[in-house]
Amino acid sequence: MKITSPHSILEEVRQFADEEIRPYATDFEKQQALPRELIKKMGNKRYLAASFSEQYGGLQLHPLEYGSMVEEIGKGALSAAMLLTVTTGLVGETLIRWGTEYQKEQYVLPIASGEKIGAFALTEPGVGSGAKDVQTSYEKVGDKYRITGRKKWISFGEIADFFIVIASDSSGNGISAFIVDREQEGVRVKKIQGLLSCAASQLADIELTNVEVGSERLIGKEGMGFTGVANFALDQGRFNVAWMGVGLAQEALEVMVTYARKRTQSGEKIFNFQLIKGIIGDATTNVHAARSLCKEAARMRADNHPDAIVQTTMAKYFSSVVANKVASDAVQVLGANGCCNLYPVERLFREAKVLEIIEGSSQIQQQIIAMHAANRHYQPKRVTEL
């Protein structure tokens with residue numbers, strides 16, 4: 001896959017973020033919602049289908065270009081980039097990979113235009129990263145499936161038009177994935193309040209009580225809900241989150257540098273203080289390193305490299321850690337101003353923590369990376385005595 005327009009689309013996205021997203025990022029959080037008008041604008045520009053092929057209304061961007069786009073939007077407001085992660089990555093890409101032509105026509109094309117928003121309903125009150133342990137269950141009744149259970153922490157669940165629901169077969173035939181429309185009987189959506197950050201991502205608690213869906217709503221085959229659908233979706237999500245971390249860290253770095261060059265203390269710009277330069281030097285290096293991991297993940301994904309998934313995992317893990325470190329350092333450089341919501345680093349500091357939790361916690365990523373290392377880097381002949 002070639003990059004067809006490496007500069008034009010990113011310049012357009014950068015301008016869009018500067019004009020439509022960044023100036024209102026604080027307002028989004030106060031209102032606890034992304035404006036429908038913004039979502040529609042992103043749909044009209046096909047940003048919500050940026051990674052889709054033209055067949056499904058997309059821009060068909062190379063993974064490297066798409067990732068850079070997520071970075072730019074994430075710099076403007078993390079919740080706006082979260083919309084791409086959820087409805088484009090977790091939902092849209094998953095349906096393109098596993099869905100039927102009927103499902104693509106009914107759900108993917110409306111995502112591309114911004115007419116519909118999809119959400120991925122995997123997490124439950126007692127089930128987070130251990131996705132294979134889902135308690136939401138389904139049973140087959142005639143030619144239909146009946147789903148009952150509860151999902152929690154579902155990003156954009158408050159406004160989603162439909163959900164991809166991961167459920168286990170009560171008779172023990174495995175885990176499957178289904179499309180459930182919001183307006184179906186038995187579906188109840190409750191907004192989650194009191195969030196540390198990303199309130200504009202409109203998280204919701206979803207209760208499903210004997211919700212019936214036809215076989216046309218089954219994604220893939222029965223029993224493929226975890227090993228196929230969920231694992232594929234989570235990989236898409238991690239790729240997006242990795243670039244979101246780079247975007248947030250870059251935004252914090254730019255604010256930190258700008259403030260340090262403008263702020264005067266004892267008659268001198270604080271940028272000239274040796275310790276401040278040390279903080280900025282480390283932050284700059286870490287942001288570049290995180291972006292490099294993301295770029296390599298993008299290239300490997302484009303080439304269908306067998307290690308693309310673990311590379312994406314490393315990129316997600318490292319960029320989320322870097323985002324937390326750089327955002328924290330930005331607060332330190334701004335001092336008391338960094339603790340005030342008149343400056344964006346206060347919001348960035350809170351948002352960064354979310355990145356180490358969503359799409360698999362940092363600890364889960366460490367486990368995956370360690371197992372890869374155990375297989376790839378084991379050299380028994382080099383250690384002969386213990």
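- Considering only heavy atoms from C-beta on, Lys151 stays 4.5 Å or farther from Asp205 through its side chain.
- Inspection of the Tyr259 and Glu254 side chains reveals no N or O donor paired with an N or O acceptor under 3.5 Å.
- For Lys40, the NZ atom is densely surrounded, since the number of other residues' heavy atoms within 6.0 Å is greater than 12.
- Remark: the Arg217 side chain and the Gln184 side chain contain an N/O donor-acceptor pair separated by less than 3.5 Å.
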Throw together a table of side-chain donor-acceptor distances under 3.5 angstrom for residues 289-300, partners on residues two or more places apart or in other chains.
unit_1, atom_1, unit_2, atom_2, d
Arg291, NE, Glu71, OE1, 3.3
Arg291, NE, Glu71, OE2, 3.4
Arg291, NH2, Glu71, OE2, 2.8
Arg291, NH2, Gln250, OE1, 2.9
Ser292, OG, His288, O, 2.9

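- Ser137 and Ser168 are not linked by any side-chain donor-acceptor pair at a separation below 3.5 angstrom, with hydrogens and angles left out of the test.
- Residue Val345 comes nearest to Ala330 through the heavy atom pair CG1-CB, 3.6 Å, listed as atom of the first residue, atom of the second, then distance.
- The two residues Ala119 and Ile154 make their nearest non-hydrogen contact at CB-CG2, 3.8 Å.
- Side-chain contact annotation: Gln15 with Glu19, donor-acceptor N/O pair under 3.5 Å present.
- Electrostatic pairing of Arg146 and Glu212 counts as a salt bridge here, judged by a charged N lying under 4.0 Å from a carboxylate O.
- Residue Ile206 is not grouped with residue Ile159 when hydrophobic side chains (ILVMFWY) are merged at heavy-atom distances under 4.5 angstrom, including chains of intermediate members.
- Note that NZ of Lys277 is 12.5 Å distant from OG1 of Thr284, once rounded to the nearest 0.5 Å.
- Residues Thr94 and Val91 fail the side-chain proximity criterion, which asks for heavy atoms closer than 4.5 Å.
- None of Leu253, Thr285, Asn286 except one satisfies the side-chain contact (heavy atoms from CB on, under 4.5 Å) rule with Val322; the exception is Asn286.
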Test side-chain hydrogen bond (donor to acceptor under 3.5 Å, both in side chains) applied to Ser320 and Glu356, step by step
CA-CA 5 Å; Ser320 62; Glu356 286 201 278; 4.6 Å; no
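- A salt bridge links Asp329 with Lys325: the distance from a Lys NZ or Arg NE/NH1/NH2 to an Asp or Glu carboxylate oxygen falls below 4.0 Å.
- In this structure, Trp153 and Ile192 have side chains that are in contact, with non-hydrogen atoms separated by less than 4.5 Å.
- The environment of NZ in Lys221 is sparse: at most 12 heavy-atom neighbours from other residues, nucleotides or ligands sit within 6.0 Å.
- Asn240 and Tyr66 share a donor-acceptor pair across their side chains, judged by distance under 3.5 Å alone.
- Tracing side-chain contacts under 4.5 Å through hydrophobic residues (I, L, V, M, F, W, Y), one reaches Phe232 starting from Ile358; they form part of the same cluster.
- Side-chain polar atoms of Gln366 and Tyr317 form a donor-acceptor pair below 3.5 angstrom.
- A cation-pi arrangement, defined by a distance under 6.0 Å to the six-membered ring centre and an angle within 45 degrees of its axis, is absent between Lys45 and Phe16.
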Can you list the steps and then say if Glu93 with Ser51 is a side-chain hydrogen bond (donor to acceptor under 3.5 Å, both in side chains)?
CA-CA 8 Å; Glu93 287 288 357; Ser51 61; 2.5 Å; yes
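- Contact check on Arg301 versus Asp235 returns a salt bridge, with a Lys/Arg side-chain nitrogen under 4.0 Å from an Asp/Glu carboxylate oxygen.
- In this structure, the side chains of Thr88 and Phe52 come closer than 4.5 Å at one or more pairs of heavy atoms.
- For Lys152 and Thr123, the side-chain atoms include no donor-acceptor pair closer than 3.5 Å.
- The shortest distance between side-chain heavy atoms of Val326 and Val287 falls below 4.5 Å.
- Side chains of Glu268 and Ser266: no donor on one and acceptor on the other come within 3.5 Å.
- The CZ atom of Arg263 sits 5.5 Å away from the CD atom of Gln265 when rounded to the nearest 0.5 Å.
- For the pair Gly76 and Ala25, the tightest heavy-atom approach, listed with the atom from each and the gap, is O-CB, 3.5 Å.
- Proximity of a side-chain donor or acceptor of Ser319 to a complementary backbone N or O of Gly245 within less than 3.5 Å is not detected.
- Between atom CG of residue Asn337 and atom SG of residue Cys339 there is a gap of 9.0 Å, rounded to the nearest 0.5 Å.
- Residue Met69 comes nearest to Ala50 through the heavy atom pair SD-CB, 3.5 Å, listed as atom of the first residue, atom of the second, then distance.
- By the 4.0 Å N-to-carboxylate-O rule, Lys316 lies too far from Glu359 to be salt-bridged with it.
- The minimum heavy-atom distance linking Ile147 with Val165 is given by the pair CG2-CG1, 4.3 Å.
- For the atom pair CG of Leu196 and NZ of Lys353, the computed distance is 10.0 Å after rounding to the nearest 0.5 Å.
- For Arg150 and Thr136, the side-chain atoms include no donor-acceptor pair closer than 3.5 Å.
- Contact annotation: the side chain of Leu83 approaches that of Met42 to within less than 4.5 Å [non-hydrogen atoms, C-beta and beyond].
- For the pair Met82 and Val354, the tightest heavy-atom approach, listed with the atom from each and the gap, is CE-CG1, 4.5 Å.
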What's the verdict on side-chain contact (heavy atoms from CB on, under 4.5 Å) for Phe156 and Leu34, showing C-alpha distance, side-chain angles and the deciding distance?
CA-CA 9 Å; Phe156 294 100; Leu34 286 181; 3.8 Å; yes
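- Atom NZ of Lys41 and atom CD1 of Ile21 lie 10.0 Å apart (nearest 0.5 Å).
- One hydrophobic cluster holds both Ile39 and Val70 under the rule that ILVMFWY side chains link at heavy-atom gaps under 4.5 Å.
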Kindly determine whether Tyr47 and Glu12 satisfy side-chain hydrogen bond (donor to acceptor under 3.5 Å, both in side chains), including the steps that lead there.
CA-CA 11 Å; Tyr47 294 165; Glu12 177 190 308; 2.7 Å; yes
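- Phe239 and Trp243 have perpendicular rings, their planes meeting at more than 60° on a 0 to 90° scale where under 30° would count as parallel.
- Asp169 and Tyr145 share no donor-acceptor pair across their side chains, judged by distance under 3.5 Å alone.
- Between Gln106 and Glu216 the shortest side-chain heavy-atom distance does not fall below 4.5 Å.
- Between the side chains of Glu29 and Ser79, at least one donor N or O lies within less than 3.5 Å of an accepting N or O.
- Screening Phe162, Trp98, Tyr102, Phe163 for a ring-ring contact (aromatic ring centres under 6.0 Å, His included) involving Tyr107 leaves a single residue, Phe162.
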Please step through side-chain hydrogen bond (donor to acceptor under 3.5 Å, both in side chains) for the pair Thr209 and Arg188, ending with a clear verdict.
CA-CA 8 Å; Thr209 306; Arg188 189 180 74 86; over 6 Å; no
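- Here the side chains of Ile73 and Val13 are in contact, with some heavy-atom distance below 4.5 Å.
- Ile175 and Ile219 fall within the same hydrophobic cluster, where Ile, Leu, Val, Met, Phe, Trp and Tyr residues are linked whenever their side-chain heavy atoms come under 4.5 Å apart, directly or through other members.
- Between Lys190 and Glu158, no side-chain nitrogen of the basic residue sits less than 4.0 Å from a carboxylate oxygen of the acidic one, so the salt-bridge criterion is not met.
- Side-chain atoms of Ser53 and Gln60 form no donor-acceptor pair, as typed in the model, at a separation below 3.5 Å.
- To the nearest 0.5 Å, atom CG of residue Leu248 and atom CG of residue Leu348 are 4.5 Å apart.
- By the criterion of side-chain heavy atoms lying less than 4.5 angstrom apart, applied directly or through intervening Ile, Leu, Val, Met, Phe, Trp or Tyr residues, Val255 is grouped together with Ile279 in one hydrophobic cluster.
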